[in-house]
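Right, I'll just put the structure down here and ask away after.
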Amino acid sequence: MKDVMPGSWRKIPKRFYQRDDVVLISKELIGKILVTLFEGKLTAGRIVETEAYNGIDDKASHAWNNRRTNRTEVMYANGGVAYVYLCYGIHHLFNVVTNIRDIPNAILIRAIEPLAGVDVMLQRTGKLKAGIDLTRGPGNVSKALGIHTSHTGSNLNDDTLYIAEDDFTYNDDFIIATPRIGVDYAGEDAFLPYRFIVKNNLYVSGKKTNLL
DNA sequence: CTGACGATTCACT
DNA sequence: GTGAATCGTCAGC
């Protein structure tokens, strides 16, 4: 887990997010790099786990049945902004808003593999040494990267919080679709294969028995 | 205004 | 495996 300088990183253009297939975008975000630059501190990691939330017909989504509230309003924005909300009063969960205005699609980033700023991540999380728990699970990702609910609505083209790509890609055989985590309340929709993970990657959340 | 609860994590048995 | 932590959000009164 040596630090890598972002010289070859290219910020993903807004049109990437504004396409209409949130499940496809969710899969394509696997292998991309989530970057924050807060107070001059660079932290970044490669995305290894995502979940798609597919708009008003998806019972697991906050925007199910076209529900519009102060909190969910940002999901209806044009794609390419952040949706960060507080869960269990403790955890800040980071999502990427996709699709065009008034179509509330979003993608939850559930795990990353640290690439840069591990020392800063350790400082933010209060952990003593870098391990797989540093950025495993959506709450830990936000904590390590310093993402807060106040960043909701932030434009992913900004220099403080964005997603980049480099020349690295995962082979398609290493990306697996599974049902989403913690959405049992969603009935039938809880079984939809909207979660994408990198095969055998230790940072992917859930039981290790999931490894194939 | 009030009460119930969550796209989770961690410590503990 | 079980339960506590902890607070903004939202539906209901």
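In what follows, chains are A, B, ... by sequence order, proteins preceding strands, each numbered from 1. Since the model is a prediction, treat every value here as computed from it, not as a measurement.
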Original post:
If you check the L108(A) side chain, which of dT9(B), dA7(B), dT9(C) turns out closest?
Top reply: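 So the side chain of L108(A) is nearest to dA7(B).
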**OP:** Find the partner of dT9(C): check Watson-Crick (N1-N3 plus N6-O4 or O6-N4) and G-U wobble (N1-O2, O6-N3) distances, both under 3.5 Å, and reply none if neither fits.
**Re:**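 Paired with dT9(C), as far as the under-3.5 Å criterion goes, is dA4(B).
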**OP:** Grab the CZ-P distance between R136(A) and dT9(B) for me, whole Å please.
**Re:** 9 Å
Original post:
Rounded to whole angstrom units, what separation is found between the OH atom of Y83(A) and the P atom of dA7(B)?
Top reply: 9 Å
Original post:
Taking the side chain of P138(A) as its heavy atoms from C-beta onward, which of dC7(C), dA7(B), dT9(B) lies nearest to it?
Top reply: dT9(B)
**OP:** Go through dA7(B), dT9(B), dC7(C) for me and flag the one nearest to the H91(A) side chain.
**Re:**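 Of the candidates, dT9(B) comes closest.
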Original post:
Between K143(A) and V183(A), which is nearer to the 5' end of DNA chain B once each is assigned its nearest nucleotide?
Top reply: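 Final value for this comparison: V183(A).
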**OP:** Among dA7(B), dC7(C), dC10(C), find the nucleotide with the atom closest to the side chain of L86(A).
**Re:** dC7(C)
Subject >> Contact under 4.0 Å: N70(A) side-chain N or O vs dG8(C) OP1/OP2 >> reply: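 So the side chain of N70(A) is outside the cut-off, no N or O lying under 4.0 Å from OP1 or OP2 of dG8(C).
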Subject >> Whole-Å gap separating C1' (dG3(C)) and OH (Y88(A)) >> reply: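 Nearest whole value for this atom pair: 12 Å.
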Original post:
Counting side-chain heavy atoms from CB outward, which of dC10(B), dT8(B), dA7(B) is closest to I181(A)?
Top reply: dT8(B)
**OP:** Compare the minimum distances between each of dA5(C), dA7(B), dC10(C) and the side chain of L93(A), then state the nucleotide with the smallest one.
**Re:**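 That would be dA7(B).
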Subject >> Nearest-Å distance for atom pair CZ/P, residues R67(A) and dG6(B) >> reply: 12 Å
**OP:** Mind calculating the distance between CZ (R195(A)) and P (dT8(B)) to the nearest angstrom?
**Re:** 10 Å
Original post:
Between the side chains of R124(A) and T43(A), does any donor sit under 3.5 Å from an acceptor?
Top reply: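 Per modelled atom types, R124(A) and T43(A) side chains form a pair under 3.5 Å.
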Original post:
Within a reach of under 6.0 Å around CZ of F168(A), are more than 12 heavy atoms found that belong to other residues, nucleotides or ligands?
Top reply: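 Count over threshold, so yes.
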Subject >> Cation-aromatic face contact R19(A)/F16(A), 6.0 Å, 45 degrees >> reply: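 Judged by the rule (NZ or CZ under 6.0 Å from the ring centre, within 45° of its axis), R19(A) counts as positioned above F16(A).
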Subject >> Contact under 4.0 Å: R110(A) side-chain N or O vs dA7(B) OP1/OP2 >> reply: no
Original post:
In terms of side-chain geometry, is the basic nitrogen of K11(A) or D158(A) positioned less than 4.0 Å from the acidic oxygen of its partner?
Top reply: no
**OP:** Mind checking R71(A) for me? I need base, sugar-phosphate or nothing, with any heavy atom below 4.0 Å counting as a touch.
**Re:** sugar-phosphate
**OP:** Indicate whether any N or O donor in one side chain lies under 3.5 Å from an N or O acceptor in the other, for Q18(A) and N99(A).
**Re:**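 No - no donor-acceptor pair under 3.5 Å links their side chains.
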Subject >> d(NE2, H92(A); P, dG6(B)) in whole Å >> reply: 19 Å
**OP:** Nearest whole angstrom, please: distance from the C1' of dT9(B) to the CG of L134(A).
**Re:** 14 Å
Original post:
With distance as the sole criterion, do the side chain of H62(A) and the base of dA7(B) form a donor-acceptor contact below 3.5 Å?
Top reply: yes
Subject >> E113(A)-T135(A) side chain donor-acceptor pair, cut-off 3.5 Å >> reply: no
Original post:
When you compare dT6(C) with dT2(B), how far apart are their P atoms, in angstrom units rounded to a whole number?
Top reply: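 Going atom to atom, P in each nucleotide, I get 22 Å.
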Original post:
dT9(B) P sits how many Å from D133(A) CG, rounded?
Top reply: 10 Å
Original post:
Hey, does the side chain of T69(A) come within less than 4.0 Å of dC10(C)'s phosphate (OP1/OP2), counting only N and O?
Top reply: yes
